[in-house]
Structures are given as structure tokens and as C-alpha cells.
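Encoded as C-alpha cells, the structure appears first; notes follow it.
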Amino acid sequence: MDSAPRTRPAGPEGSTASGVEASEVNAPAPEPDEPHGSGAHGPRSRTDLYMALQTDGQQLAVGLVRLLHRMSERSGMNPTDFQCYTLLRVAGTMTPGEIADSLCLSTGSVTGVIDRMEAHGLVERTPHPLDRRKVAVRLVEGAEKMAAGTAPGMRDVMTSLHEDYSLEELEVITGWLDRVNTALDTLVAQRTPRRH
């Protein structure tokens, strides 16, 4: 018995059983992606990932600044006062000098910030627990609750964002954030001459 021909004439009766022309069947297979290539489906190189982390990190920083300003608008405070409120909410009791250093403000400017926050019933001045010559500034009881109204839906958004991650993946994320915060603290602590 004769074997079936490898090709058939063109036309309706000359097509293959799958409806694909013979020239397409015999076309060479595409070459596999280069390892660590920049293809849409290939793994990225370490350099590419570092660049993505840098770009995405900058976008995150800008997004946080925008969110902070939106939250300050909702709180009724100006951005500087709201930054001080956020700082005290996260860091706890601080001296005016520590606030000034953290927010890169003069001591005179910080005095005005604390005065305004005190007038709004958000902070109080108390004697420093370790050095009676100093004053400590802390949020009054219940002041932390104001933050919830400045970012409505934040908890739901964050919960939805992370719900598809496994516990192991969340451990990696929280560990990375801890290391990032440590690195940021180190960078902030570095003193450089101010440009004039």
C-alpha cells in the first residue's frame, strides 16, 4: 500500500485534516526564550529586578506622599501638622527636638505645630519621664481614632491586597518590610551638609 503524500495541492480538497496548510505544519518551531531574558514570559535577571524594585519603590513613595496629603485634607490639618500626628501615632512619645529632627523643621516651627495640635485636643505636653528638664509630647487618649476617618476603606483594601498570599509569602513580605524600615532608619540617621 502506498504511503500518504507529504503535501497536497492547494485548494479546499488539498488542505490538511486540521485545516492548517502544509507550509505551516513544516515551519520550524520558535526558539526557546533566553534564560533570564526580557521576554514577556521569561524570568527577569537580577539587574532587571533591581531596576523594577527601584522604579516601583519610587512610585510607592510618591503614592504615600499623595495619600498623606489626602489624609491631612480629610483630617482638617495642614500636611505638616498631620505628619507630626502620624509620627507620634507610630513612634510614640517624643520631645520637640526629636520631632523637629524627624520632620526637618526648626524648633520654632515645631512649637507652632504642637500648639495647633494641642488646641485641637490631639496632643499634650508632659514632663519627660527620664529628664525633667525636657518636655515630652504625646497623643491624648483617643487621638489615634482620628486616623481611621482620614483613609476610609484602607483596611479593606489592604486585606484584599494580601488575601491571596500564603502565610509563608506573608512572612517574606513582613521580613522584607522590616529590613526596609531598618535601612531607611540608617539613611535618615546619616548627616549631610545642607546645600545653600
Side-chain angles (χ1 to χ4, degrees), residues 52-163 165 170-196:
L53 283 170
Q54 178 178 329
T55 301
D56 292 345
Q58 291 171 344
Q59 292 177 341
L60 175 61
V62 171
L64 290 174
V65 170
R66 294 176 61 196
L67 178 62
L68 185 68
H69 280 262
R70 186 67 69 203
M71 292 171 71
S72 72
E73 181 182 57
R74 291 170 180 153
S75 72
M77 290 189 282
N78 65 53
T80 301
D81 292 2
F82 189 77
Q83 287 178 47
C84 182
Y85 164 79
T86 303
L87 179 65
L88 292 172
R89 192 166 65 88
V90 174
T93 302
M94 303 179 73
T95 66
E98 290 169 337
I99 295 172
D101 182 67
S102 296
L103 300 181
C104 295
L105 298 173
S106 67
T107 53
S109 296
V110 168
T111 298
V113 171
I114 297 171
D115 287 344
R116 288 190 296 271
M117 295 180 67
E118 196 170 32
H120 282 87
L122 294 172
V123 303
E124 61 183 358
R125 291 176 168 95
T126 62
H128 195 281
L130 301 178
D131 189 345
R132 294 292 177 174
R133 297 170 298 176
K134 295 181 179 181
V135 173
V137 181
R138 65 185 182 189
L139 295 180
V140 300
E141 185 177 355
E144 296 90 347
K145 297 178 181 178
M146 187 193 71
T150 61
M154 172 76 80
R155 182 178 295 275
D156 291 339
V157 169
M158 290 295 103
T159 299
S160 176
L161 175 66
H162 297 103
E163 63 184 0
Y165 290 94
L170 291 175
E171 286 284 359
V172 172
I173 293 172
T174 54
W176 178 81
L177 283 173
D178 184 64
R179 295 173 67 179
V180 167
N181 287 328
T182 300
L184 292 177
D185 287 341
T186 301
L187 292 173
V188 168
Q190 294 177 357
R191 302 292 181 178
T192 55
R194 179 175 295 183
R195 290 186 176 182
H196 297 286

Do V113 and I99 come within less than 4.5 Å of each other through their side chains, counting heavy atoms only?
no
Which atom pairs, one a donor and one an acceptor, fall under 3.5 Å between side chains of residues 54-63 and the rest of the protein, sequence neighbours left out?
| unit_1 | atom_1 | unit_2 | atom_2 | d |
| --- | --- | --- | --- | --- |
| T55 | OG1 | M51 | O | 3.1 |

Name all residues meeting the side-chain hydrogen bond (donor to acceptor under 3.5 Å, both in side chains) criterion together with [X]; count only those two or more places apart in sequence or in a different chain, and write none if there are none.
{"X": "R89", "answer": "none"}
{"X": "E118", "answer": "R125"}
{"X": "R74", "answer": "none"}
{"X": "S109", "answer": "S106"}

List the residues meeting side-chain contact (heavy atoms from CB on, under 4.5 Å) with [X], not counting sequence neighbours, and say none if there are none.
{"X": "L67", "answer": "M71, M154"}
{"X": "V180", "answer": "W176, L184"}
{"X": "D101", "answer": "R191"}

Which side-chain N or O atoms in residues 126-153 pair as donor and acceptor under 3.5 Å with protein atoms at least two apart or in another chain?
| unit_1 | atom_1 | unit_2 | atom_2 | d |
| --- | --- | --- | --- | --- |
| H128 | ND1 | L130 | N | 3.0 |
| H128 | ND1 | D131 | N | 3.2 |
| D131 | OD1 | R133 | N | 3.1 |
| D131 | OD1 | R133 | NE | 3.0 |
| D131 | OD2 | R133 | NH2 | 3.2 |
| R138 | NE | E124 | OE2 | 2.7 |
| R138 | NH2 | E124 | OE2 | 3.0 |
| T150 | OG1 | A147 | O | 2.6 |

Can you pull the salt bridge (Lys or Arg N to Asp or Glu O under 4.0 Å) pairs that have at least one residue in residues 170-181, sequence neighbours excluded?
none
Measure the CG-OG distance between D81 and S75 for me, rounded to the nearest 0.5 Å.
8.5 Å
I need the T182 OG1 to L177 CG distance, nearest 0.5 Å.
10.5 Å
Which residue pairs pass the ring-ring contact (aromatic ring centres under 6.0 Å, His included) test with at least one member in residues 77-117, sequence neighbours excluded?
F82-Y85
For the side chain of T159 and the backbone of D156, is there at least one donor-acceptor N/O pair under 3.5 Å apart?
no
For T80 and N78, work out which heavy atoms get closest and say how close.
N-OD1, 3.0 Å
